[in-house]
Each structure stands twice: as structure tokens, then as C-alpha cells.
Amino acid sequence: MVYIFGPCSAENERQVIETAQAVAALAHNSQSTFIFRAGLWKPRTSPDTFQGVGKAGLPWLQTVQRQFHLSAATEVATVPQLQAALQAGIHYLWIGARTAANPIAVQALADALRSAESRPKAVLIKNPVNEDAALWLGNIRRLEATGTPVMAVHRGCNHHPCWALAYTLHQQRPDIPLLLDPSHMSGDAALVPELCQKASELGLYGLMVEIHPQPAQALSDSRQQLPLSSLSLLLQRSGPSSDIHWLRAMMDETDDALWSVIRQRMALSRRIGDWKKEHHLAVVQPERFRTMLDKRRQWAAEQHISAATVEQIMNALHSESIRHQTI
Ligand code: PEP
Ligand code: MN
């Protein structure tokens with residue numbers, strides 16, 4: 001596997017060097033490829049938060065490449081950023097999820113890459129923040145046309161794994177190395193090791209993970225960064241890719257969504273229960289339930305779901321809702 005480890009943002013030279021040292025120590029004892037990541041230009045949601053150190057961090061990444069013999073990777077969102085990173089000799093560039101949502105911006109970066117004097121070893125393109133496989137595939141083609149090797153990074157959508165999106169890419173472009181970014185996918189450091197394991201099960205090419213010497217003090221994405229002491233938890237033995245793992249990942253995600261909707265339904269039930277109490281209405285309204293059931297029965301017939309299953313599920317939901325209205 002290829003491992004891209006490093007902080008969300010480069011904050012100061014000490015933090016960069018300390019983190020790179022930990023990654024270099026792992027690289028020293030391993031056959032795998034390790035790359036050091038750090039964001040210099042940060043695409044943050046709010047203008048009031050840390051926006052990155054910008055160009056000032058380029059010499060720190062140069063030091064990492066020189067001193068630790070580790071390639072460095074940084075995010076570029078605009079043509080001047082791309083040119084500055086290439087001029088500094090940064091080996092890998094990535095295009096973030098927000099930039100990836102805009103094909104005009106990606107094309108401008110591709111044009112600048114084509115006419116640049118020096119090329120990166122590869123350019124990595126994240127999935128767009130919105131779940132749009134065609135846009136991701138299109139971005140890959142724009143970048144490929146520059147002659148630079150391209151890799152894809154799956155980072156999920158709004159803290160949902162969106163496995164179906166990665167599966168489309170894996171199926172349509174099996175030739176493109178696909179990495180997983182469990183940090184942005186989950187937004188939660190506690191979930192990252194399990195997702196790294198999932199990446200290995202899916203036979204992915206590599207991982208991009210955020211790590212920080214003091215995650216709690218990080219200037220960006222502090223909840224999702226892992227301390228340097230947990231680096232070894234992230235290393236995986238990559239398995240052969242099999243569709244059953246993809247299908248199960250998509251099934252688990254679908255079940256998560258289903259249970260989350262059931263939870264929302266019960267919360268609504270409680271509110272309806274309060275309203276009924278206030279208006280002296282009985283908890284069970286047989287007429288209303290019959291109408292709901294009929295509607296679902298009709299729908300299920302069109303979907304080839306058996307009437308018996310629909311009744312079982314509706315009855316179970318109804319009893320649980322009643323329980324929520326009476327507790
Ligand atoms: C990042 O990798 O730090 C980043 C901003 O990621 P994304 O574009 O996936 O949000
Ligand atoms: Mn981040």
C-alpha cells in the first residue's frame with residue numbers, strides 16, 4: 001500500500017518536521033511507499049478560521065523531501081498555487097474535494113500543469129464534495145490529458161462513506177490507483193483505523209490519513225487527526241479486491257441510512273404523541289394506520305416487494321411508534 005500521512009495543515013516548521021520524522025521512521029522499516037502530506041492553502045468553510053500558511057510553508061516541505069528522503073504532497077486549488085508548488089519541487093499535488101466540484105477550476109489547473117516546466121510525480125484528485133461520479137471521472141480525464149500520472153482519492157461526501165461512488169470509479173477506471181481518505185470521510189479520529197482496514201479489504205491502492213503531534217491543538221480538522229503514537233494502527237496488508245467486499249460495504253452503508261431514518265421516525269412519533277396528548281386524542285388512530293398501510297402495499301406491489309413483508313415492517317414500525325408515544 002501507498003501511505004500518505006501528515007497533518008491537515010502545515011502550521012509551523014516544528015510541527016511539520018516532528019510529524020515528518022515519525023513518518024520517515026515508519027518508512028525506514030517498511031517496504032511500502034510513504035508520502036508526507038500537509039495543506040498550505042486551506043479551503044475552509046468559514047473565512048474566520050485558519051486559512052493555511054500559504055507559500056511560507058513551501059521551504060518546510062522542501063526540508064522534508066531533502067532531510068528525510070520522503071516525497072511531499074500538498075493541495076493546490078488555483079494556478080498560482082500549482083505554479084508555486086511545482087517551482088518549489090514538491091513531488092505530489094492533490095486537488096481537493098471543493099475544487100473538484102468545479103470543472104472550470106480543474107481544467108485551469110490541468111492547463112497550467114501541461115505548460116509547467118517541471119511535472120509532479122503524480123497529481124491526485126479527490127472525489128467532488130457532491131456525489132457526482134461523472135464529474136470525478138471527467139476530472140481524471142482532464143488531468144490525464146496533461147500526461148501526468150493521476151491517482152484518485154475517495155474521501156466520501158459530508159461524512160458519509162458514499163461507497164457506491166468509489167465503486168463506480170473502481171469499476172469504470174480499474175487502471176486508476178484509488179486511495180482512501182478515512183479522515184475526511186469520517187471526520188472522527190476514532191473511526192479512522194477501522195476505515196483503514198476497510199480500504200485493505202476493498203483492495204485499495206493506498207491511504208491518505210491526517211496525523212498531528214497534538215491533535216487537540218490542531219488549527220484545522222482537530223477532531224479527525226490521529227496522534228503520531230497511533231501511526232502503526234493505520235498500516236495494513238492489502239488484500240485482493242473482490243466485489244463481495246464492495247457490495248457489503250454498500251449494504252452496511254444502506255443499513256446505516258435505514259436505521260438513521262427509523263430513528264428520525266421515532267423522534268417525529270414522540271412529537272406527534274405530545275400533540276395528541278395536548279389535544280386529548282387517543283394514541284392509536286386505526287383509520288390513519290389503515291391509510292398508511294394501503295399506500296405502502298400499493299407501492300410495494302410496483303417494487304416487487306411482497307405484501308406480507310410490507311405489513312410486517314409497517315406493523316413493527318407502528319408498534320414501536322406507539323411505544324414511543326406512550327413512554
Ligand atoms: C484535506 O485533505 O486537507 C482537505 C481539505 O480535504 P478535502 O478536499 O477532501 O476536504
Ligand atoms: Mn483536513
Side-chain angles (χ1 to χ4, degrees), residues 1-4 32-33 35 37 71 73-77 82 91-114 116 119-158 160-185 195-209 236-254:
M1 264 201 173
V2 167
Y3 298 106
I4 307 179
S32 306
T33 302
I35 296 168
R37 67 149 278 159
S71 284
T74 200
E75 173 172 352
V76 292
L82 177 136
H91 291 172
Y92 291 88
L93 305 180
W94 84 79
I95 297 176
R98 286 158 193 81
T99 312
N102 177 356
I104 295 177
V106 174
Q107 189 58 53
L109 291 169
D111 292 343
L113 197 55
R114 190 186 284 121
R119 291 290 172 89
K121 288 191 178 181
V123 57
L124 292 87
I125 175 90
K126 294 210 182 186
N127 65 280
V129 262
N130 46 331
E131 191 176 349
D132 189 338
L135 186 54
W136 198 9
L137 288 160
N139 284 342
I140 289 172
R141 291 194 27 230
R142 288 173 201 278
L143 295 165
E144 278 182 316
T146 68
T148 312
V150 178
M151 298 194 233
V153 182
H154 181 56
R155 49 85 77 210
C157 318
N158 300 323
H160 292 296
C162 277
W163 289 121
L165 180 64
Y167 185 57
T168 303
L169 194 93
H170 161 78
Q171 279 198 309
Q172 296 201 14
R173 294 301 307 266
D175 56 317
I176 295 287
L178 177 59
L179 289 85
L180 181 73
D181 170 349
S183 310
H184 292 91
M185 174 178 274
L195 283 170
C196 291
Q197 217 172 324
K198 181 69 80 190
S200 122
E201 249 175 48
L202 296 175
L204 298 188
Y205 185 79
L207 289 164
M208 180 190 265
V209 184
Q236 299 295 324
R237 209 178 289 277
S238 193
S241 177
S242 157
D243 261 14
I244 188 67
H245 297 303
W246 282 101
L247 295 169
R248 284 188 175 149
M250 289 189 270
M251 178 67 93
D252 287 346
E253 185 177 351
T254 305

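Computed from a prediction, not measured in an experiment: that's the story for all the values here.
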[X] to [Y] - nearest heavy-atom pair and separation:
X      : Y      : answer
Leu82  : Leu109 : CD1-O, 3.8 Å
Ala199 : Leu207 : CB-CD2, 3.6 Å
Cys162 : Gly156 : CB-CA, 4.4 Å
Arg119 : Gly147 : NH1-C, 4.0 Å
Ala97  : Arg155 : CB-NE, 3.3 Å

Pairs meeting criterion ring-ring contact (aromatic ring centres under 6.0 Å, His included) with involvement of residues 127-146, two or more places apart
Trp136-His154
Strictly distance-based, threshold 3.5 Å: is any side-chain N or O of [X] a donor or acceptor partner for the main-chain N or O of [Y]?
X      : Y      : answer
Arg37  : Val209 : no
Asn158 : Val129 : no
Thr168 : Ala164 : yes
Gln107 : Arg142 : no

At what distance, to the nearest 0.5 angstrom, does [atom1] of [X] lie from [atom2] of [Y]?
X      : Y      : atom1 : atom2 : value
Tyr3   : Gln236 : OH    : CD    : 6.0 Å
Tyr92  : Met151 : OH    : CE    : 5.0 Å
Glu201 : His245 : CD    : NE2   : 5.5 Å
Leu202 : Asp243 : CG    : CG    : 10.0 Å
Thr99  : Ile125 : OG1   : CD1   : 8.0 Å
Ile95  : Leu124 : CD1   : CG    : 9.0 Å

With sequence neighbours left out, write down each residue that passes side chain to side chain donor-acceptor pair (under 3.5 Å) with [X], or none if nothing qualifies.
X      : answer
Thr146 : Thr148
Tyr205 : none
Asp175 : Arg173

Show, in sequence, the C-alpha distance, side-chain angles and deciding distance for His91 and Ile35, and conclude whether the side chain to side chain contact (heavy atoms under 4.5 Å, CB included) test is met.
CA-CA 9 Å; His91 291 172; Ile35 296 168; over 6 Å; no
Angle class for the Trp163/Trp246 ring planes (parallel below 30°, perpendicular above 60°, tilted otherwise)?
perpendicular
Any heavy-atom pair between the side chains of [Y] and [X] that's under 4.5 Å?
X      : Y      : answer
Cys157 : Leu165 : yes
Pro161 : Leu195 : no
Ile4   : Val2   : yes

Derivation and outcome, side chain to side chain contact (heavy atoms under 4.5 Å, CB included), residues Leu137 and Leu169
CA-CA 7 Å; Leu137 288 160; Leu169 194 93; 3.6 Å; yes
Does atom CZ of Arg248 have more than 12 heavy-atom neighbours, drawn from other residues, nucleotides or ligands, at distances under 6.0 Å?
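Open: at most 12 neighbouring heavy atoms sit under 6.0 Å from CZ of Arg248.
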According to the salt bridge (Lys or Arg N to Asp or Glu O under 4.0 Å) rule, which pairs have a member within residues 94-114, sequence neighbours left out?
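Non-adjacent pairs meeting salt bridge (Lys or Arg N to Asp or Glu O under 4.0 Å): Asp111-Arg114.
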How would you list all residue pairs meeting salt bridge (Lys or Arg N to Asp or Glu O under 4.0 Å) that involve residues 126-140, not counting sequence neighbours?
Lys126-Asp181
